[in-house]
Amino acid sequence: MIELLTIFVLAVFVGFEVVSKVSTILHTPLMSGANAIHGVILVGAILITGQADDTLTLVLGLLAVFLATVNVVGGFVVTDRMLEMFKGHKR
Amino acid sequence: MIELLTIFVLAVFVGFEVVSKVSTILHTPLMSGANAIHGVILVGAILITGQADDTLTLVLGLLAVFLATVNVVGGFVVTDRMLEMFKGHKR
Amino acid sequence: MTWVQLAYLAAALCFILALKGLSTPRYARLGNLVGAAGMALAVVTSYTTIERNGLLILVAVVAGTAAGIPAARQVKMTAVPQMVALFNGVGGAAAALVALTEFLEGHDAGVLFAVATVLTVLIGSVSFSGSVVTFLKLQEVMTTRPVLLPAGQLLGIGVAVVSALLAIFVLVSDSNLLLVLLALAGLALGVLFVLPVGGADVPIAISLLNAFTGLAVAASGYVLGNTLLIVAGTLVGASGTILTRLMAQAMGRPLTNILFGAFKATPPSAVTDEQRTVRSGTVEDVAILLGYAHSVLVVPGYGLAVAQAQHAARELAQLLESRGISVDYGIHPVAGRMPGHMNVLLAEADVPYENLKELDDVNPGIGSVDVVLVVGANDVVNPGARDEPSSPIYGMPIFDVDRAKAVVFMKRSMRPGFAGVDNSLLYNPKTTLLFGDAKDSLTKLLAAVKQV
Amino acid sequence: MTWVQLAYLAAALCFILALKGLSTPRYARLGNLVGAAGMALAVVTSYTTIERNGLLILVAVVAGTAAGIPAARQVKMTAVPQMVALFNGVGGAAAALVALTEFLEGHDAGVLFAVATVLTVLIGSVSFSGSVVTFLKLQEVMTTRPVLLPAGQLLGIGVAVVSALLAIFVLVSDSNLLLVLLALAGLALGVLFVLPVGGADVPIAISLLNAFTGLAVAASGYVLGNTLLIVAGTLVGASGTILTRLMAQAMGRPLTNILFGAFKATPPSAVTDEQRTVRSGTVEDVAILLGYAHSVLVVPGYGLAVAQAQHAARELAQLLESRGISVDYGIHPVAGRMPGHMNVLLAEADVPYENLKELDDVNPGIGSVDVVLVVGANDVVNPGARDEPSSPIYGMPIFDVDRAKAVVFMKRSMRPGFAGVDNSLLYNPKTTLLFGDAKDSLTKLLAAVKQV
Amino acid sequence: MRVGIPAESRPAERRVAGLPETVASLIGAGLAVDVQSGAGAHAHASDAAYRSAGAEIVPDHPAGRADVVISVQPLDLEQAGRLREGDITVSFLQPANELDLVRILAERKVTAFSLDLLPRVTRAQGADALSSQALVSGYRAVLVAAQHLPRFLPMFTTAAGTVPPAKVLVLGAGVAGLQAIATARRLGAVVEAYDVRKAAAEEVRSLGAKFLELNLETQDGVYAAEQSETFLERQRELIAERVAASDIVISTAAVPGRRAPVLVTTDMLKAMAPGSVVVDLAAESGGNVVGSAPGEDVWVGEVLVHGVKNLPSSMPVHASRLYAKNVANLLHLMTEDGRVEPDLTDEVLGGACLTHAGEVRHAPTRELL
Amino acid sequence: MRVGIPAESRPAERRVAGLPETVASLIGAGLAVDVQSGAGAHAHASDAAYRSAGAEIVPDHPAGRADVVISVQPLDLEQAGRLREGDITVSFLQPANELDLVRILAERKVTAFSLDLLPRVTRAQGADALSSQALVSGYRAVLVAAQHLPRFLPMFTTAAGTVPPAKVLVLGAGVAGLQAIATARRLGAVVEAYDVRKAAAEEVRSLGAKFLELNLETQDGVYAAEQSETFLERQRELIAERVAASDIVISTAAVPGRRAPVLVTTDMLKAMAPGSVVVDLAAESGGNVVGSAPGEDVWVGEVLVHGVKNLPSSMPVHASRLYAKNVANLLHLMTEDGRVEPDLTDEVLGGACLTHAGEVRHAPTRELL
Ligand SMILES: NC(=O)c1ccc[n+]([C@@H]2O[C@H](COP(=O)([O-])OP(=O)(O)OC[C@H]3O[C@@H](n4cnc5c(N)ncnc54)[C@H](OP(=O)(O)O)[C@@H]3O)[C@@H](O)[C@H]2O)c1
Ligand SMILES: NC(=O)c1ccc[n+]([C@@H]2O[C@H](COP(=O)([O-])OP(=O)(O)OC[C@H]3O[C@@H](n4cnc5c(N)ncnc54)[C@H](OP(=O)(O)O)[C@@H]3O)[C@@H](O)[C@H]2O)c1
Ligand SMILES: NC(=O)c1ccc[n+]([C@@H]2O[C@H](COP(=O)([O-])OP(=O)(O)OC[C@H]3O[C@@H](n4cnc5c(N)ncnc54)[C@H](O)[C@@H]3O)[C@@H](O)[C@H]2O)c1
Ligand SMILES: NC(=O)c1ccc[n+]([C@@H]2O[C@H](COP(=O)([O-])OP(=O)(O)OC[C@H]3O[C@@H](n4cnc5c(N)ncnc54)[C@H](O)[C@@H]3O)[C@@H](O)[C@H]2O)c1
């Protein structure tokens, strides 16, 4: 458990540090990319559905899988589209 | 074990990120401060000496405790002395 | 330590690198791809470990993909924010569902597990309903103005208190029903949170909800004992929080305004003059506009002289030119207060004569100018002189900057210029106003452009 | 999850914050204190968990303190680097001892444990012996020049191979003796590593050894299953590595030169002209020098004119002035290539006449000037004109900038000025050289000062 | 209709009211243009150049032959006597000094425009010859002062010692004054300026010069009016102090239609450092400096007072170019389909019109007659 | 010892070799100073000012009474005839033009220093009157040109059209040329320059002006020497092209001890736009421009060629100040304990010394005699 907490603390720092100097122009893509990343809940959804044995949990689980997939797939694709506009421009 | 590895990876990132934008004037104090921090081996030395039951390990352990203490104490003090020169100057 | 765990660790690494990449223009796109790769790895890995329902899960994934891709593909660039809000919402819902399911399934672990579950469900629901309302606002299905319920403040506090109580009861009683009720309370809280947020603040709200979802995912990671979820969720939670603060700063709004919007009785002063709205931007907005322009026209006027901003203007122009952006100066025959006023100043600042353009050089091609920087000029760019025969300055030739792609107006106030006539260009939707002394603004702009 | 663990976590947090603080001038000192507090917490916590030998440990700690504090207190500021090297070395030794002891004590765990032990011992010994040699070099107990053993390259490779083999044998055989031998091999390796490093590179070597020690500590954390050691050690290892790279960059030396110094036959070209060394700084060094100055004197010369850097110079001066630093310009009667050359340029850049000072205004008080920025001037600050009757420019009055507290020289090369005479000021220990076109340098400096 | 451009006949006038480029633009508007031979001589515009721009070169003054006569200086009485009813003349006519001429113009039912009367509104700026010629005067005034000053204007730090920058005081910060400020600053002088108009302070500072604050009420409005006694007292003190500290004084203060205000007295001049130079741009309208006379250099002790006379003429090429453009812009305002038919209800044209159909339209002039 | 400062007697010389401030510094060095009454009149230094600086005012030329005579222009033959053996004179003596004077100075065993011969080494800069007076000339040359040009130098965008900046070409970028470049640029002109010296390109650019590249071998060294024929050919082409494109040409090219090179021919002048102005700073040493004469304005077609004569004299206060400082610095170099005793083995003093103890020490002059 202390390890998980340590991981949490360290991850907070990494999250802070990594983002702290982003330029304004990247705010929206970064938000969208981060949004896609938290779609990793899909993993959780899969795991839980993969061991569901009654209908309720199965249904809930499948719903979670569906929603999480939308989050992941849509998130990455829409971020990529936004970032396309950086193409061709160089500093 | 995977948790320890995760911690290691995250700590590497934190270490990288935290230092990556330090200004030249702080190179030496930062090195010295980091040096003091790795004196945390003192904790290891204490723990191991604290359970030593034969003379060899006890002697080795105590030696480690002594050396680590020098590292810690000297490190922080010398860093502080270096940083004194920043005092009184404001931006 | 199994290969599954190592794969998860690799995925977590990918996510860190993705966020790092997304923070620098040059590597942003690559970062996104790395993130997607990490995600694929994580999903495939998790799929290999499941016991049953493989096919159903596959179907759900395919269905989600089928729903997500076209939505993301076909959305117009202007509608991206609401799309992001929606994706965020479903993510939050998924997290809440996962925790709920796990809770229903039967729970062995202790308090920490229960706390994590409760947090996940609550935050997930808030995030879901909040995001949905945001989506509706941005999509203009409902009004974009702040919605102030009669007793919004009280209501908000009330629901928050109820949620807290419910959460405690869940922890104490372990009751499934209460957990579902908590989810409902969370939904209500999300709605109440977002309703009073006005147009310009919505993106900040989305970012905040995004961070919330990240936290929910991290909490669900505790529930499931999965380090990947913890790392990824925490990353998003932390970076999302910072990002929200940065966005609020960039827009010059105090974060508390948005955070506690629900608990405030007064309407935020964002939208005031309904018919003639002006858009006032931040230095960063303008910096980005400039940083990604191909051609810029600087139109100096008397305000440049008053601010003695000639050196700052030249510095900015040189910086832009060093990035391959073409910069010209449009010198109006009567800009300033004496003939040749601008010439004197710009010569002092060593602006090359070749860069000084006159009306006839500029106006024909002005439609292809990306950004016009109006620095302390006013009358000389007033479209009234061209379009309104009743105007006292009708007939004076002007720079037709309203035909350029974007206009940035630097002045200190909404006061008119020498001729004392109002300038409709200020209200043009193409125009961004940058209030303040021209020298100050240019100096800040210089710093901001360097960071783009 | 016990309070001990939580205390360790808190200590780890302190260390992160300490490093963060140490990276910004404003919080550096606070950062160090936070680190010390974290350390105290960790040590006290660990002390409460021990089974026996409490008193002995206390004695050892007191002895260590008694040895460490005076050493750190009394060392002259110029001798700090060797002190740091020494502290680093004893830390490395301690890590190696801890791992060794744990190994001797009897080892239950598997391969990973053994690997960690071997790494700790090896790296710890390298760090120890390397640091000691560095110390001796800096203390000038032995020569500061690179020591190139006859077959240094071969020897280095040989010892490295032997170490690797020993390490593998230890893993296979679990032999205590072999581990001790490994420690000895590590010591040899450390010596061989540092011997060929020359004067200016020594600090970089210290930094690298520092990072090594961090890694050793992290590895020993694995050995002891202690997250605090892992986190702290890794932090130091990672930040130390980055720092080493940054230092090497700042000094303009490729890191590989130092890393593989031992395996190179040719002497590194670092130290060449023994008597007359120049110190070339980075823009950041100078920015910090300026950012913390109270008074600055700019001495422009012909190079300012050639670079057309007058605008950049004024901008920098204005920036400094806006921070309350007093900035004057020292205008030498014959600076440039025509009478009044500097006046023409500075007037163009709108430098106020009041800020232009002459020889007689400047020289009497020059001792209290914190930084003199010599921008493309040379002859007019050449102390030879004052001190060396044999000099062809003897008798020309100069700015006595060598009497100021620090001098920054901006020029493109070591070439002399108009008079063709060498300038001893370039070799003055107070002088930092900033090579490059004056305009470029000033522009970069401007950006860098903004970040101080 | 035919536009005539005479060679200027008044003494020392070197400008011309039309140049080949403006002739071409008038012809483009459907007009015919006569140019008196040699009209552009001082402005380096040859008869051939006019001819190739489409003008007809005529040997005599075009009055009586052309329908519109444009000139810099007003016509003399003889020339005006040749004008026919309905003819139009455009010139820089200052009615108060030319009452006889005004009478003749009115009698002969000539439509006379004076650029001196042109309203200073935004729309009329293209025709604002007061501004364009003041621009020339302000620039030239500094050159004249620099020429006469036995010192440098800029600062120089040299091996033979440091030369401090010259101190320049500009009195009156209208168009000419502002340009004088700008030019003196360009040459490296330290400049301060004074004006009674409220807006002038900001305008002076916008050129990087120092404005002298009187710390008394100042006046609004575009033109200066007359002042109260305490005000004048304080003004004199301030000016006396600053004049004494200056190496160059350039005075440009004017009140339209009135004598120029006297700002610098003989005592003030005597307090100046020997070798100082005063350039009085207002000399022709009475002078801001006691004792200054137009076109003359007067020594007051060791201080030189240069009274300016027709400074724009000293730079005929560009002065003519700006003036010709002003006149052409004015003509374009009243020309439609090749006919010059001024609409006197138009604010600009009405304001600039001195006489029309036998009537003197300018009220102050009507009173003087 | 006694230093004498005469009132300059050569025509149109308005400078003076000592001013009250330098007189004070000489007295501070233990010398006595005689000043001829009225010596400082043009430089606005009164007899009273000299007196209160410690000088004695004498009615006549101090030659024969003072031990050291310092002047701007060399003494005339009569004055030189009054000098006694061992007397010292310091002036701006160009030996090639004053051979009779040199003979008298040598005969009378006078120690004569000429600032024209002063080595241009770093140590001597404080006494370098060639530089200090060239500074004045370069500045004044631009004022003269601007004064004569019927156009603006700066660019103006106005309601009456845009005036382009004047194009100025400076030939010869020595001290005077560089200062002319700087001054013209200050006034807003577009400046280009040409010189044969290699280092000049960088020096010209260091003032923000454009350097004309010949793309042929250029010369090293401080002073220009004579050139090859192909070089001269290419140079002529380039100059012809750029002269034609310029509104103002300021020529300053000189080769010490030689006639100035002819750079601008009549054909080139004819290709210039009417109204252009050429200022020939080298007019006194033969002229860079064909037909230029010192002190005269010559019209070549519609181009004005102004041959310069003693330009520093047109700004006597500061020109004198710099010159007086130069001379004082030179005297300080040879004064010890109130005695002026030049050590002619010193590089600077030896180089500047023309005659000593009956001997002409300057080799080229010796050959000419
Ligand atoms: N050129 C001539 O010869 C001449 C002579 C006389 C009159 N005029 C008239 O002057 C006008 C010239 O037009 P223009 O566009 O140059 O000037 P303008 O129309 O007078 O506008 C100047 C603008 O600059 C802004 N400003 C003033 N100080 C500022 C500062 N420190 N920082 C930022 N902005 C500042 C003012 O707005 P805020 O107050 O909101 O900051 C003002 O709206 C024309 O109407 C022309 O007819 C010209
Ligand atoms: N003022 C006068 O009237 C006059 C006239 C003639 C001669 N002089 C002589 O000129 C000298 C003037 O002294 P000074 O100190 O001004 O000049 P200096 O001694 O000639 O030194 C100028 C320095 O600037 C550097 N430099 C050149 N271009 C540069 C660039 N783009 N960026 C950065 N640095 C650049 C050069 O070094 P790098 O090449 O290494 O960059 C050079 O060492 C004196 O010896 C004086 O006697 C003066
Ligand atoms: N509308 C336009 O576009 C336009 C065009 C040109 C000029 N103008 C304005 O016209 C005004 C006058 O310009 P002008 O050059 O013709 O002025 P002017 O020649 O009539 O007077 C010159 C200056 O002298 C000042 N003055 C008068 N009495 C004074 C006194 N006693 N002491 C000190 N100063 C005194 C006046 O205030 C004025 O600034 C200015 O405000 C100018 O901005 C407007
Ligand atoms: N040592 C010092 O401190 C010091 C002081 C002052 C001047 N100087 C140097 O002395 C040199 C001469 O200065 P000066 O002003 O007395 O020169 P000058 O008056 O003798 O000549 C003026 C310029 O004309 C140029 N010139 C000659 N022939 C030419 C031709 N055919 N075409 C074009 N240009 C031609 C010369 O190169 C010179 O630059 C310069 O290099 C200057 O830097 C040195």
Side-chain angles (χ1 to χ4, degrees), chain A residues 1-52 61 64-65 68-69 71-73 75-76 79-80 82-83 86 89-91, chain B residues 1-52 61 64-65 68-69 71-73 75-76 79-80 82-83 86 89-91:
Chain A
M1 271 301 104
I2 187 69
E3 282 86 6
L4 292 187
L5 200 60
T6 309
I7 288 173
F8 174 73
V9 168
L10 289 173
V12 166
F13 268 97
V14 174
F16 278 7
E17 290 294 329
V18 153
V19 170
S20 65
K21 280 188 180 137
V22 64
S23 66
T24 327
I25 199 174
L26 282 173
H27 282 176
T28 313
L30 178 59
M31 175 170 80
S32 173
N35 175 36
I37 288 174
H38 70 49
V40 73
I41 189 66
L42 175 55
V43 168
I46 289 176
L47 291 179
I48 212 157
T49 317
Q51 61 189 48
V65 170
T69 309
N71 184 178
V72 166
V73 173
F76 282 117
T79 310
D80 193 60
M82 263 184 263
L83 292 173
F86 286 106
H89 276 292
K90 53 184 182 327
R91 325 238 283 95
Chain B
M1 273 296 105
I2 188 69
E3 283 86 5
L4 293 187
L5 200 60
T6 308
I7 288 173
F8 174 73
V9 168
L10 288 173
V12 166
F13 268 97
V14 173
F16 278 6
E17 290 294 328
V18 151
V19 170
S20 64
K21 282 190 178 133
V22 63
S23 61
T24 326
I25 199 175
L26 284 173
H27 281 176
T28 313
L30 179 59
M31 175 169 79
S32 170
N35 173 37
I37 289 174
H38 69 49
V40 74
I41 188 67
L42 174 55
V43 168
I46 289 175
L47 292 179
I48 212 156
T49 318
Q51 61 188 50
V65 169
T69 309
N71 183 179
V72 166
V73 172
F76 282 117
T79 310
D80 193 60
M82 263 186 262
L83 292 172
F86 287 106
H89 277 291
K90 55 177 183 331
R91 327 236 281 97

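When reading the values below, keep in mind they use all heavy atoms of this one structure, side chains included, and skip hydrogens, waters and symmetry mates. In this text, all values refer to a predicted model and were calculated from it rather than measured experimentally. Order of the sequence lines fixes the chain letters, A, B, ..., with proteins taken first and strands second; residue numbering starts at 1 for each chain.
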Rounded to the nearest 0.5 Å, the CD1 atom of B:I7 sits from the OG1 atom of A:T6 at a distance of 4.5 Å

B:F8 CZ: over 12 foreign heavy atoms closer than 6.0 Å: no

When the 4.5 angstrom heavy-atom criterion is applied to B:V18 and chain A, the contacting part is both

Does any part of the side chain of A:E17, heavy atoms only, come nearer than 4.5 Å to the side chain of B:V14, both counted from C-beta? no

